[in-house]
There are 2 protein chains.
Amino acid sequence: MIEDLKTFQTYLKFFPEPEFREELVKYGQVNSFKKGDIIVRDGQYVKFLPIVLTGAIRVYQQKEDREILLYYVRAEETCTMSLAAAYFNNKSSSHGVVTEPTEVLIFPADLIYQWQSKYPSWNKYVIHMFRRRYDELINSFEGIVFDHIPDRVWDYLKRAPLNTENHIHISHQQLAHELGTTRVVISRILKQFEKEKKIKLFRGYIELK
Amino acid sequence: MIEDLKTFQTYLKFFPEPEFREELVKYGQVNSFKKGDIIVRDGQYVKFLPIVLTGAIRVYQQKEDREILLYYVRAEETCTMSLAAAYFNNKSSSHGVVTEPTEVLIFPADLIYQWQSKYPSWNKYVIHMFRRRYDELINSFEGIVFDHIPDRVWDYLKRAPLNTENHIHISHQQLAHELGTTRVVISRILKQFEKEKKIKLFRGYIELK
DNA sequence: TTGGCTATGTATCTTTTGATACCGTCATCA
DNA sequence: TGATGACGGTATCAAAAGATACATAGCCAA
């Protein structure tokens, strides 16, 4: 839990202007969320913007029964979809759900209009975030177009957060979901990896070797 | 050919500030390009930014022999990849090639730092462009994940610019390229559409019914 | 301990797409 | 006019992925 101002400010090292930091402290508020909490809903107007301090928010779009993972908002990042929606006073077209215990700095979206003309670091931050999200999407895009699913699964496993025992806690179903395919396909591929001694399968988690 | 200032300014209606328009005229320059001209190259630093007045620039990334189409920069739009690259003084990671006779307003990239604090409409424009590009990419993404190629071809045909005779001037090879597949697949699908009386095939163009 | 739910294993079949090869047609230009 | 190259049609084969069905195993609560 982030209590004191000093700790909090270390998370905002990319905003060097002292007055800006003061504003963030003055108008911002640190909220804690637990896994499963919903931060943004499709169809809602966005009045507050988040900067994640610790943890992660999963942002995705939903159409009929299909889901598209856009990105995870992680420490020091903001949600570009929320930003754009708030900026133009549009409803959100995405969902944002907390996937692990998460602390978020929340501030009123209206402030960004002033910040744009006052704080260059804010503009830099925004463009950097947009660029990063775009690159992430290009990467997924590339994966889907050019790589076979086994490669994408392997890639996912390599990037996934490990615990101390080299365990990735995820079910086949969830993994299928993340990669936009079906459980059977994932199970088949993982079994193959196990045969090749790359991983070891357990109920509820995967051990990487 | 855009000659007079008045005509030129009608293209910039989303920049209402008179001083901003003056700056654009003062520091900007209208250049004409023909099909095939290269505007940006992968690996080059970006010193000037474009706003397209008429025509289109195809922006794509190239990795080994594979190509990813990012977007077309059309009238009133700018190239977000160039913008981000220029902003952070990075080399471009994309190519930009003119696909039809095109007129572009070019201005020195350094100006954008000042514009951010001086002209709200500029910031609005930038965020709008980033958002649009992102949405476009999500759309392609969706298509690739969820739709079969015939659907994507049909979608492409419906959106494609028609001439007065309902003709789309594109070869099967080009179409395959746009959709990230091969010529044979496209020919096969188009032939099927023709059987279903949806289109009529000719050498070099397709008639929509 | 038993029933029920979730997670996983696996076989079978089908569809979609890609790869390759070969042929004919059309336009252009030397 | 004849060579050349882009364009398009089609057949055949193979690979990748999805759909479906069913079996088994672990987990947990009544």
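Reminder, nothing fancy here: chain letters follow the sequence lines and each chain counts from 1. Any value given below was found using the heavy atoms of this structure, including those in side chains, with hydrogens, waters and symmetry copies removed.
- Two rings, from B:Tyr125 and B:Phe14, have their centers less than 6.0 Å apart.
- Look at NE2 on B:His177: it is 16 Å from C1' on D:dC7, rounded to the nearest Å.
- Put simply, the side chain of A:Pro101 does not reach to within 4.5 Å of the side chain of A:Phe33, judged on heavy atoms.
- The distance between the ring centers of B:Tyr60 and B:Tyr71 does not fall below 6.0 angstrom.
- Rounded to an integer number of Å, the gap from NZ of B:Lys200 to P of D:dG9 is 12 Å.
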Anything under 3.5 Å between a donor and an acceptor, one on a side chain of residues 138-154 of chain A, the other on a protein residue two or more places apart or in another chain? List them.
{"residue": "A:Ser140", "atom": "OG", "partner": "A:Glu136", "partner atom": "O", "Å": "3.2"}
{"residue": "A:Glu142", "atom": "OE1", "partner": "B:Lys63", "partner atom": "NZ", "Å": "3.1"}
{"residue": "A:Arg152", "atom": "NH2", "partner": "A:Leu179", "partner atom": "O", "Å": "2.9"}

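- Taking atom CD of residue A:Gln173 and atom P of nucleotide C:dG9, one finds them 13 Å apart after rounding to whole Å.
- For the pair B:Ile170 CD1 and D:dA6 P, the interatomic distance rounds to 17 Å; values are reported in whole Å.
- No donor-acceptor contact under 3.5 Å links the side chain of B:Arg203 to the base of C:dA27.
- Under a cutoff of 6.0 Å and an axis angle of 45°, A:Arg159 and A:Tyr156 do not form a cation-pi pair.
- One interatomic measurement links the two molecules: CD1 of B:Ile186 to P of D:dC7, which rounds to 14 Å at whole-angstrom precision.
- Each of A:Thr182 and B:Leu201 has a nearest nucleotide on DNA chain D; the 5'-most of these lies closest to B:Leu201.
- Counting non-hydrogen atoms under 4.0 angstrom, B:Leu190 reaches nothing in the nucleic acid.
- As rounded to whole Å, 12 Å separates atom C1' of D:dA16 from atom CG of A:Asp151.
- Distance B:Arg66 CZ to C:dG18 C1': 15 Å, rounded to the nearest Å.
- The distance between atom CD1 of B:Ile144 and atom P of D:dA17, rounded to the nearest whole Å, is 14 Å.
- Between the side chains of A:Tyr72 and A:Glu77, no donor N or O sits under 3.5 Å from an acceptor N or O.
- At a cut-off of 3.5 Å, with distance as the only test, no side-chain donor of B:Gln174 or B:Glu178 sits close to an acceptor on the other residue.
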Would you tabulate the nitrogen or oxygen pairs shorter than 3.5 Å linking the protein to nucleotides 10-17 of chain C?
{"residue": "C:dT17", "atom": "OP1", "partner": "B:Ile149", "partner atom": "N", "Å": "2.8"}

